[in-house]
Protein chains: 2
Amino acid sequence: MNIGDVAKLSGLPPKTIRYYEDIGLISPLRDANGYRSFRESDTHKLAFLGRARALGFTIEDCRTLLALWDDKQRASGDVRAIAQEHLAQIERKIIDLQAIQETLSHLVRECSGDGRPDCPILKTLEVLPLR
Amino acid sequence: MNIGDVAKLSGLPPKTIRYYEDIGLISPLRDANGYRSFRESDTHKLAFLGRARALGFTIEDCRTLLALWDDKQRASGDVRAIAQEHLAQIERKIIDLQAIQETLSHLVRECSGDGRPDCPILKTLEVLPLR
DNA sequence: GCTTGACCTTCCAGTAACTGGAAGCCCCAT
DNA sequence: ATGGGGCTTCCAGTTACTGGAAGGTCAAGC
């Protein structure tokens with residue numbers, strides 16, 4: 001299979017797939033003409049990567065997860081630890097964003113948006129306490 | 001005032017302040033020895049920038065907000081539009097993260113984390129439908 | 001046999017917003 | 001005068017790609 005086919009199958013753009021090869025996440029074979037030749041296992045890995053990335057795992061997390069996936073003997077505790085730490089990060093980020101959202105939605109609600117030159121949003125940015 | 005003082009006042013690291021000068025967000029004066037010399041207005045701007053960045057506005061948003069702030073005659077509608085678009089982005093991001101959080105917390109809950117070699121997290125990454 | 005267009009290749013550069021580090025002045029206190 | 005901290009510039013690296021240029025390859029159609 002050529003890169004275009006795998007791209008369609010995995011949902012990842014060809015550029016991304018080449019990049020994943022560059023950084024050593026996959027190692028497709030090569031045809032005589034120099035084209036990458038993807039096996040089943042490559043496609044499978046790429047789909048795995050696409051899903052892990054969609055869940056927000058970093059590339060380095062993905063590298064580790066792939067290794068653990070390849071090495072089925074390993075205890076699942078390692079995987080769980082990675083997922084749990086990632087989950088904690090996401091929960092922190094959600095909380096941060098919700099605080100920002102609240103501040104901003106207050107501001108937007110208070111701002112008439114009409115022609116008045118004194119804007120409560122700018123005013124707040126002047127005095128809002130830094131966290 | 002030297003950069004260290006302003007850094008303390010504004011809460012921004014000196015490196016960041018220099019960077020903001022590089023990209024034209026501020027233009028502090030220079031002393032004879034080449035040191036940056038920050039006026040009140042620079043400090044004020046930096047504090048404004050710190051707050052806007054803490055609310056997640058991009059640097060380019062900040063540039064625009066600063067300009068609108070300088071130009072008090074402008075209608076507040078412009079500011080409101082920026083804030084509203086930014087708010088919408090944040091709300092989208094929260095929703096995305098919440099979906100991820102749900103998936104992940106299911107996974108972590110299901111994963112015993114004990115020595116069993118079949119890990120439900122890895123299994124799910126194999127088959128989870130791509131969004 | 002030749003052209004055309006869709007693929008494929010590599011390599012270089014750019015993105016956002018800093019951050020780290022090196023090399024080298026400058027200033028003040030001892 | 002010397003030591004320590006603060007200041008300067010410049011270069012490079014971070015994350016995870018993405019865009020684009022220059023060029024090779026392949027299959028179809030004339």
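Remember, predicted model here, so these are calculated numbers, not experimental data. In what follows, every chain begins at residue 1, and chains take the letters A, B, ... in the order their sequences are listed.
Taking atom CD1 of A:Ile23 as the reference point, atom C1' of D:dA16 lies 8 Å away to the nearest angstrom. Taking atom CG on A:Asp22 and atom C1' on C:dT9, their separation rounds to 12 Å, with Å as the unit. A:Ile17 has its CD1 atom 17 Å from the P atom of D:dA16, to the nearest Å. Here the C1' atom of nucleotide D:dA27 and the OH atom of A:Tyr35 are 11 Å apart, to the nearest Å. Protein atom CG of A:Asp61 is 12 Å distant from nucleotide atom P of D:dT15, rounded to whole Å. Whole-Å rounding puts the A:Leu29 CG to C:dT9 C1' distance at 17 Å. Protein atom CG of B:Asp31 is 14 Å distant from nucleotide atom C1' of C:dC25, rounded to whole Å. For the pair A:Leu46 CG and D:dC17 P, the interatomic distance rounds to 12 Å; values are reported in whole Å.
A salt bridge links B:Asp42 with B:Arg39: at least one charged nitrogen is closer than 4.0 Å to a carboxylate oxygen. Salt-bridge check for B:Glu60 with B:Arg53: failed, with every basic side-chain N at 4.0 Å or more from each acidic carboxylate O.
Counting only heavy atoms from C-beta outward, the side chains of A:Leu65 and A:Phe48 approach each other to under 4.5 Å.
Within the 3.5 Å criterion, the main-chain N or O of A:Thr58 finds no donor-acceptor partner in the side chain of A:His86.
Note on A:Pro13: only backbone sugar-phosphate atoms sit closer than 4.0 angstrom, heavy atoms only; bases stay farther off. If you check every strand for non-hydrogen atoms under 4.0 Å, B:Ile3 touches sugar and phosphate atoms only.
In terms of heavy-atom proximity, B:Ile17 sits nearest to B:Leu12 at CD1-O, 3.7 Å.
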Fill in the blank from the handout: Going 5' to 3' through nucleotides 12-17 of chain C and flagging B where a protein heavy-atom sits under 4.0 Å of the base, S where only the sugar-phosphate is that close, and - otherwise, we get -----B
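The side chain of B:Asn33 contributes an N or O atom lying less than 4.0 Å from OP1 or OP2 of C:dC27.
Between D:dT25, C:dT10, D:dT8, one nucleotide has an atom nearer to the side chain of A:Arg30 than all others, and that is C:dT10. Comparing C:dT10, C:dT19, D:dT8 by their closest approach to the side chain of A:Arg18 singles out C:dT10. Closest to the side chain of A:Arg36, from the set D:dT9, D:dC7, C:dT10, is C:dT10.
Applying the salt bridge (charged side-chain N to carboxylate O under 4.0 Å, His left out) test to every pair with at least one member in residues 6-23 of chain B, sequence neighbours left out, gives these pairs: B:Glu21-B:Arg30, B:Glu21-B:Arg36.
Applying the salt bridge (Lys or Arg N to Asp or Glu O under 4.0 Å) criterion to A:Glu40, with sequence neighbours excluded, gives no partner residue.
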